[in-house]
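Only one structure is covered here, and it is reproduced in the block below.
The structure displayed is predicted, hence computed values, not measured ones. Residue numbers begin at 1 in each chain, while the letters A, B, ... track the order of the sequences.
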There are 2 protein chains.
Amino acid sequence: MSDLLERLRGRGWRLTSQRRVVAEVLDDGEHVHLTADEVHARAAERLPEISRATVYNTLGELVTLGEVTEVSTDGRAKRYDPNAHHPHQHLVCTGCGTIRDVHPTGSPLTDLPADQRFGFTVTDAAVTYWGLCPACAS
Amino acid sequence: MSDLLERLRGRGWRLTSQRRVVAEVLDDGEHVHLTADEVHARAAERLPEISRATVYNTLGELVTLGEVTEVSTDGRAKRYDPNAHHPHQHLVCTGCGTIRDVHPTGSPLTDLPADQRFGFTVTDAAVTYWGLCPACAS
DNA sequence: TTCTTGACTTGGATTGCGTCCATCGTAGGA
DNA sequence: TCCTACGATGGACGCAATCCAAGTCAAGAA
């Protein structure tokens, strides 16, 4: 994660305590995909005065820089995936909304023939798998 | 679409003018994927007093019955896809948000090995392709 | 070290999308 | 035709996210 902070500094980021804390929170919970509010709650444990607006701003900047991926599954709150540098797909629980990273075989982008692209310049493809997690299934 | 109305009646639906109009709107614009607000606007052209709550209720019921599919691409408003009986995926313009139905080769569900399911009972998979439509690319 | 400045943060207001609820209306069976 | 339970209404509400004007501060300059 210090890598991340270095990369950000290299891009001309002013390194404030708020931004540092948000980056640390994303790093700490690398296995989970936090909502903006969850990021804010965890950041506030270390920096009580941090505002939600700043968390939103910082997350948005990290997404723009490609350091973090935004995952919006259904109509719920967006979740933020710090695992942006390793391509993967998502498995979402229809019960509780938690997300797992998965690695399916095959690559979806190549599965779209030219005659199915309708003149679009297709740049990305995402596969979302839906199901019930063990906890919600019981 | 009269098919749809028949099916709904067969399921014990009370056939009100509001529900009929919502169904007609979805049928009319079969090529597009309308937001709830767009459905409401078009329905209101024929039935000015129809309320947004009724449109939301009716759309929700149609989704529950499997007659319509809910498509939530990014953080924007959900869109409703009347083409629920023909499996397909979606190609979304990152510029304007419009959606096209596409038919990729291969089937995503079979692409997730058992050791990548983490105890989930996986029931569905959706592929979303992202790109710029011809209008937004120019 | 202190100064300076513009980028960053703040929090309260606001927007967008969707749901809830008490009340009224009406489709369709008796 | 009448009854009544199911559906419609619309205004209040909730949640996620954004906006904005004012205050704060990181980091380069001197």
Check: [X] side chain, [Y] main-chain N or O, donor-acceptor pair, under 3.5 Å:
X	Y	value
Arg117(B)	Leu112(B)	yes
Gln116(B)	Pro113(B)	no
Arg52(A)	Asp37(A)	no

Closest-nucleotide ordering on DNA chain D, the 5'-leading residue of Asp37(A) and Asn57(A): Asp37(A)
Between [atom2] of [N] and [atom1] of [X], the distance in whole Å:
X	N	atom1	atom2	value
Leu47(B)	dG25(C)	CG	P	16 Å
Lys78(A)	dC17(C)	NZ	P	12 Å
Leu59(A)	dC8(C)	CG	C1'	15 Å
Glu38(A)	dA16(D)	CD	C1'	13 Å
Glu61(B)	dT19(C)	CD	P	12 Å
Leu8(A)	dA7(C)	CG	P	17 Å
Arg9(B)	dG7(D)	CZ	P	14 Å

Does anything in residues 49-56 of chain B come within less than 4.0 Å of DNA chain D? Heavy atoms only, and list the residues if so. Glu49(B), Ile50(B), Ser51(B), Ala53(B), Thr54(B)
Could you list by number each residue of residues 14-22 of chain B showing a heavy-atom separation from DNA chain D of less than 4.0 Å, or answer none if no residue does? Arg14(B), Thr16(B), Gln18(B), Arg19(B)
Tell me the closest heavy-atom pair linking [X] and [Y], and the distance in Å.
X	Y	result
Asp81(B)	Asn83(B)	OD1-N, 2.8 Å
His40(A)	Ile50(A)	NE2-O, 2.9 Å
Ala77(A)	Thr35(A)	CB-CG2, 4.2 Å

Inspect the contact between Glu61(A) and Arg11(A) and indicate whether a charged nitrogen and a carboxylate oxygen are less than 4.0 angstrom apart. no
In terms of side-chain heavy atoms, does His33(A) have a donor or acceptor partner in Asp101(A) at a distance below 3.5 Å? yes
Can you list, pair by pair, the side-chain donor-acceptor contacts under 3.5 Å of residues 121-136 of chain A, counting residues two or more places apart and other chains?
from	atom 1	to	atom 2	distance (Å)
Thr123(A)	OG1	Trp130(B)	O	3.3
Tyr129(A)	OH	Pro108(B)	O	3.1

